[in-house]
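Residue numbers start from 1 in every chain, and the chains themselves are labelled A, B, ... in the order their sequence lines are given, proteins ahead of strands. A quick note: this is a predicted structure, and the numbers were derived from the prediction, not measured.
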2 protein chains.
Amino acid sequence: MDRVTMADVAKAAGVSVATVSYVLSGKRPVRPETRVAVEAAIRQLGFTLNSAARSLRTGRSALVGLVVPDLANPFFAQLASALQEHVRDLGLHVVVCNTRADRREELAFVREAVQQQFAGVVITPFRLVAKDLKPLEDAGVPVVVSADIRLDGVDRVEPEARAAMRAALTAVTASGRRRIAMIAGPRDATGGDPRLELLRALTGQFGTVLPHGMVVRGEHTREAGAAGFGQLMGLRHPPDAVFCANDVIAVGAMGRAEELGLRIPGDVSLIGYDDADFASLVRPRLTTIRYPAGAVGAAAARLLRERMDGRSVPKTLRVGAEFVERESV
Amino acid sequence: MDRVTMADVAKAAGVSVATVSYVLSGKRPVRPETRVAVEAAIRQLGFTLNSAARSLRTGRSALVGLVVPDLANPFFAQLASALQEHVRDLGLHVVVCNTRADRREELAFVREAVQQQFAGVVITPFRLVAKDLKPLEDAGVPVVVSADIRLDGVDRVEPEARAAMRAALTAVTASGRRRIAMIAGPRDATGGDPRLELLRALTGQFGTVLPHGMVVRGEHTREAGAAGFGQLMGLRHPPDAVFCANDVIAVGAMGRAEELGLRIPGDVSLIGYDDADFASLVRPRLTTIRYPAGAVGAAAARLLRERMDGRSVPKTLRVGAEFVERESV
DNA sequence: GTGAAAGCGCTAACAT
DNA sequence: ATGTTAGCGCTTTCAC
């Protein structure tokens with residue numbers, strides 16, 4: 001019981017392999033009766049296309065790489081889920097690449113994507129810069145960068161978070177807080193930390209500032225969140241409101257607050273980012289800026305498809321972020 | 001700037017393509033100096049293997065499919081992460097398949113795996129039965145089933161949860177609870193619900209029973225957890241301890257308890273399963289049976305590798321589950 | 001509207 | 001220890 005090939009189908013249907021191929025691809029007209037015969041043969045023999053052969057011939061695989069710093073972070077898990085769902089219709093599969101925020105792993109996956117002739121790559125670069133993505137462009141692999149950093153010449157999906165951040169600041173200052181701080185991502189991350197930049201840009205409008213001493217940095221982990229929060233609270237003049245680069249960090253901070261006997265939001269307000277699903281589960285429920293992973297996945301899929309359909313000018317899609325007020329402010 | 005092929009490398013190194021291939025694969029001895037020359041040429045030309053060509057030739061791709069009911073469930077996200085990490089060393093990539101517990105999607109992915117000649121498949125079947133996996137075996141694709149259900153003839157990784165469940169029951173009965181209930185998975189899920197069977201088998205030893213009326217069923221979602229809990233609490237004689245088929249369900253139940261004004265564990269004990277990372281985040285902290293996703297991923301990778309190395313008799317690996325006592329009992 | 005045939009870049013006999 | 005070569009199954013040009 002060997003593999004069924006197009007040749008088998010062709011023989012069974014009394015046509016040439018070329019015709020079988022064209023019936024499948026629709027790339028040239030086929031007489032209805034021929035089509036029917038071929039389709040019958042396909043069904044009868046249980047033929048399925050060999051994608052390795054197709055890839056070899058066309059120079060493109062049916063794989064989309066998803067490169068993220070932490071697949072276990074619910075935000076990225078949901079992104080993976082959504083992306084997969086959306087590229088399925090295009091007959092594509094999602095290959096996940098967990099880089100653990102490590103630059104070498106990111107680079108390794110970029111190389112893999114070229115080697116495997118991926119149909120596309122969706123990446124949230126963490127320590128990669130624009131030119132690291134160059135090999136992909138050179139190889140003609142469509143790239144979508146999902147991050148709120150400015151990167152030229154590539155398709156991007158980024159949050160539209162200004163209004164949400166403003167709303168957050170409004171809520172924070174309305175509850176009398178003035179000493180704003182942030183637990184941001186690592187200094188050496190790609191693009192610094194755009195969420196920090198946004199916060200900084202906006203604080204001025206609220207009669208406050210975000211002095212350097214009020215910004216601590218770390219990885220996007222609970223541990224870093226705890227450490228950062230501890231650091232902040234050890235200051236001579238500790239903050240009364242702490243923004244976090246994402247919800248994972250915020251949850252770490254919340255844990256440390258409890259250990260320190262600090263009440264949230266009584267003693268200090270805490271604001272997350274992403275609205276990961278545990279955000280509404282922790283106590284107090286985390287007030288956060290929702291960046292919908294599902295919508296991001298959908299946007300990335302759209303960008304990818306447009307590229308594959310021939311668009312050649314870079315495009316960026318904005319996904320709306322939204323202030324979600326719960327109990328931590 | 002065309003793609004660099006083995007032929008280019010061979011020419012540059014002054015050898016044949018076969019030699020280049022053998023240098024790469026190590027499948028036959030090569031003189032050191034030859035090897036060096038080839039490696040130099042590879043580096044210099046920036047050659048990378050075309051995996052489509054290799055796959056076409058060998059009849060095997062470098063892809064491992066991970067088929068799960070819900071990629072957004074932290075347990076499966078971590079499994080994906082761990083699996084990827086472990087198969088990387090084998091030069092394999094992980095293709096994720098989110099089936100949303102839908103039998104048709106599960107079947108579709110099994111077909112895909114055959115068509116794409118996957119190097120292996122790790123699957124947590126939800127509505128698939130043994131014979132649905134047959135096409136994979138026929139195609140010679142190594143399969144690892146990750147589930148606590150008995151399936152013959154395939155490699156499996158399953159939890160060793162008896163002791164943990166006994167510990168849970170001990171804790172529950174020690175706090176005076178006797179009216180045990182369970183929110184289990186759907187009746188039509190593959191293998192029924194083994195976690196329910198385990199609980200049922202053990203309750204007898206604790207001087208209690210698990211009558212049919214005390215078992216409600218639903219999907220592995222928060223909504224189903226909430227609904228199931230509500231149903232249980234609407235009983236004439238409601239339970240004073242509720243086991244859940246996983247943590248997602250438990251969290252749903254916890255939410256409904258709050259809406260109902262029921263205190264946990266004051267009025268009713270709640271026990272989860274998995275120890276997803278939000279389990280320690282909810283309040284009260286969820287007491288649960290930890291099934292370590294990372295270890296499951298590692299075990300699956302090991303099984304896969306052994307198969308690829310030639311083992312032909314099915315094998316099952318057990319991963320220890322552990323009772324984690326927190327605040328909900 | 002259909003067919004014949006040339007490869008895509010590898011691997012693995014089968015030589016030597 | 002190395003080289004030659006057939007062919008994996010498809011897509012697509014060129015011919016009819």
Output all residues satisfying side chain to side chain donor-acceptor pair (under 3.5 Å) with B/N73, sequence neighbours left out; order by chain, then residue number.
-> none
Given C/dT2, D/dC10, D/dG3, the nucleotide with the shortest approach to the side chain of B/T19 | D/dG3
Partners passing ring pair (Phe, Tyr, Trp, His ring centres under 6.0 Å) against B/F76 (at least two apart in sequence or in another chain) = none
In whole Å, what is the span from the CG atom of B/L56 to the P atom of C/dG9?
-> 12 Å
Separation of atom CG in B/D8 from atom C1' in C/dC10, rounded to whole Å = 13 Å
Specify the residue among A/P29 and B/V17 whose closest nucleotide of DNA chain C lies further upstream toward the 5′ end.
-> A/P29
Starting from P on C/dG3, measure out to CE on A/M6 and report it in whole angstrom.
-> 14 Å
Selection from C/dA12, C/dG1, D/dA1 that lies nearest to any side-chain heavy atom of A/R31 | C/dG1
Report the distance from atom CZ of A/R57 to atom C1' of C/dA5, rounded to the nearest whole Å.
-> 11 Å
Options D/dG9, D/dT11, D/dG3, nucleotide nearest the side-chain atoms of A/N50 | D/dG9
Which residue, B/T58 or B/R28, contacts DNA chain D at a nucleotide closer to its 5' end, judged by nearest heavy atom?
-> B/R28
Give A/T34 one of three labels, base, sugar-phosphate or nothing, depending on what nucleic acid heavy atoms sit under 4.0 Å from its own.
-> sugar-phosphate
Checking salt bridge (charged side-chain N to carboxylate O under 4.0 Å, His left out) against B/R127, which of B/D102, B/D188, B/D132 comes through?
-> B/D188
In terms of side-chain heavy atoms of A/R3, which of C/dA4, D/dG9, D/dT11 is nearest?
-> D/dG9
Describe the nucleic acid contact of B/S55 in one word from base, sugar-phosphate, nothing, applying a heavy-atom distance below 4.0 Å.
-> nothing
Among C/dA13, C/dG9, D/dC10, which nucleotide sits nearest the side chain of B/Y22?
-> C/dA13
Atom CZ of A/R60 with >12 non-hydrogen neighbours under 6.0 angstrom = yes
Determine the contact category for A/S21: base if any of its heavy atoms lies under 4.0 Å from a base atom, sugar-phosphate if only primed atoms, P, OP1 or OP2 are that close, otherwise nothing.
-> base
